[in-house]
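Convention: sequence-line order gives letters A, B, ...; per-chain numbering from 1.
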2 protein chains.
Amino acid sequence: MQSDPDVPSPARRRTRQTIIEAAIAAWVRDRDVTLSEIADHAGTHRATLHRHFPGRADLLVASIRHSIGEIADATEAAAITQGPPVDALNRLVAAYLTVGDRIRFLFEDHTVANHPAVAQFAAVGGPVIDLIRRGQADGTIDPTVPSAWIERSMWALVYAASEAVDDGTLAAHEALPVLLRTVSDGIVRHPRRDSS
Amino acid sequence: MQSDPDVPSPARRRTRQTIIEAAIAAWVRDRDVTLSEIADHAGTHRATLHRHFPGRADLLVASIRHSIGEIADATEAAAITQGPPVDALNRLVAAYLTVGDRIRFLFEDHTVANHPAVAQFAAVGGPVIDLIRRGQADGTIDPTVPSAWIERSMWALVYAASEAVDDGTLAAHEALPVLLRTVSDGIVRHPRRDSS
DNA sequence: GCTTTCTGCGACATCAATGTCGCATATCGA
DNA sequence: TCGATATGCGACATTGATGTCGCAGAAAGC
């Protein structure tokens with residue numbers, strides 16, 4: 001009855017999403033998980049997984065795209081073109097932390113991070129670099145270091161914070177303030193000029 | 001003839017070290033390299049590799065121990081129990097950066113990072129936590145965030161800097177100053193109180 | 001020089017993950 | 001209720017990495 005061959009049935013879409021979700025969760029914990037284990041974790045059968053994703057590579061690409069989409073949505077919601085750069089940056093970091101597991105999935109491993117599908121991610125990074133440069137121009141963000149490094153260090157700290165929450169090093173409620181503090185001001189205090 | 005069965009021949013030790021070195025270098029780039037490729041990269045034969053390390057797991061453990069040893073040596077050389085905490089911390093970060101590739105090897109992948117052989121690493125981390133607490137006690141290091149998080153964020157930024165040098169985002173000569181700057185002061189500048 | 005040791009080389013078996021298929025059953029949508 | 005679709009299930013072949021072995025040649029040590 002193919003009402004529209006391009007639009008898969010709702011049921012099919014649901015299992016597809018379930019599998020992707022399970023794959024990301026499993027891959028964050030262990031890059032070497034078996035497709036069987038992913039299928040189990042998704043509450044489905046390995047054969048079904050193969051029906052949705054012919055090969056491991058296909059599932060990987062789908063998971064990457066899904067993650068990038070969510071990170072892009074979060075970035076979008078942070079409205080980083082609005083308001084003072086530092087405020088925007090705080091919103092951005094907070095947004096990143098909410099999708100910390102996706103970020104870890106994308107950058108935990110070079111095989112994934114260097115995947116062609118992640119290259120598309122540069123499109124998401126553009127506005128962020130613009131934001132950083134804007135802050136550097138008005139002096140509110142450190143102009144003495146490359147903007148690319150600022151972006152990189154942000155990612156690194158968000159990554160670390162997300163991981164710290166997962167393994168219990170940080171409590172969920174303290175992660176954001178602690179992260180913002182470290183990103184903004186580092187770890188050294190200068191009592192003479194600023195004792196806060 | 002066995003002059004001493006516990007002391008392997010010099011030649012044997014050399015190839016062993018060569019293989020370990022090649023393994024770390026290869027694993028940093030790609031967690032899924034074949035033992036054949038590692039052997040090739042070491043300029044030896046796969047069978048020889050198996051003579052030194054019966055299985056992949058053995059080579060992994062040896063590589064982990066080797067890396068931990070070098071990181072421990074670097075930490076030792078930083079003399080972090082000496083002098084003002086902030087100075088010691090700067091020396092420590094600089095020392096970490098010199099062994100950045102080992103650090104990336106150990107923490108790039110959960111399979112390695114959670115390996116029992118890495119647990120021994122807690123022994124290396126003890127003095128670092130002491131250092132951080134010392135700085136928090138005298139007010140030169142941010143006392144408002146957990147010391148474990150400070151240590152974690154240091155690792156994360158060293159990791160990122162080492163990676164940035166490797167992929168060309170940072171030039172080798174600028175990596176250390178940029179890293180120290182970010183670790184110490186974060187990325188936000190506060191013109192009213194400190195315009196440097 | 002000679003003996004010991006280590007390495008190069010290639011063959012072989014093994015094993016786990018992957019990918020494919022056919023059929024029965026359950027579930028969804030009209 | 002009925003037809004189409006999606007899934008569960010298990011069997012099968014394939015493939016690539018791994019680990020083992022024996023032998024011959026090179027290198028190191030005395």
query = Between residues 33-64 of chain A and DNA chain C, which residues have a heavy-atom gap below 4.0 Å?
reply = T34(A), L35(A), R46(A), A47(A), H50(A), R51(A), P54(A), G55(A), R56(A)
inquiry  = Check the phosphate of dT7(D) against T15(A), side-chain N and O only, distance under 4.0 Å to OP1 or OP2. Yes or no?
reply    = yes
note = Rounded to whole Å, CD1 of I19(A) lies from P of dT7(D) at a distance of 7 Å
ask   = Taking CD from Q17(B) and P from dT7(C), how many angstroms apart are they, rounded to a whole number?
value = 13 Å
task = For A42(A), check side-chain contact (heavy atoms from CB on, under 4.5 Å) against everything at least two apart and list the hits.
result = T18(A), I19(A), A22(A), T44(A)
ask   = When you check the side-chain N and O atoms of T111(B) and R31(A), is any donor under 3.5 Å from an acceptor?
value = no
request  = State whether a side-chain donor-acceptor pair under 3.5 Å links H110(A) with E163(B).
outcome  = yes
task = Sequence neighbours left out, what passes side-chain contact (heavy atoms from CB on, under 4.5 Å) with R134(B)? Give chain and number order.
result = P85(B), L131(B)
query = Taking atom P of dA27(D) as reference, at what distance in whole Å does atom CZ of R12(B) sit?
reply = 18 Å
ask   = E108(A) versus Y159(A): any side-chain heavy-atom pair under 4.5 Å?
value = yes
ask   = Is there a side-chain contact between R12(A) and R16(A) (heavy atoms, below 4.5 Å)?
value = no
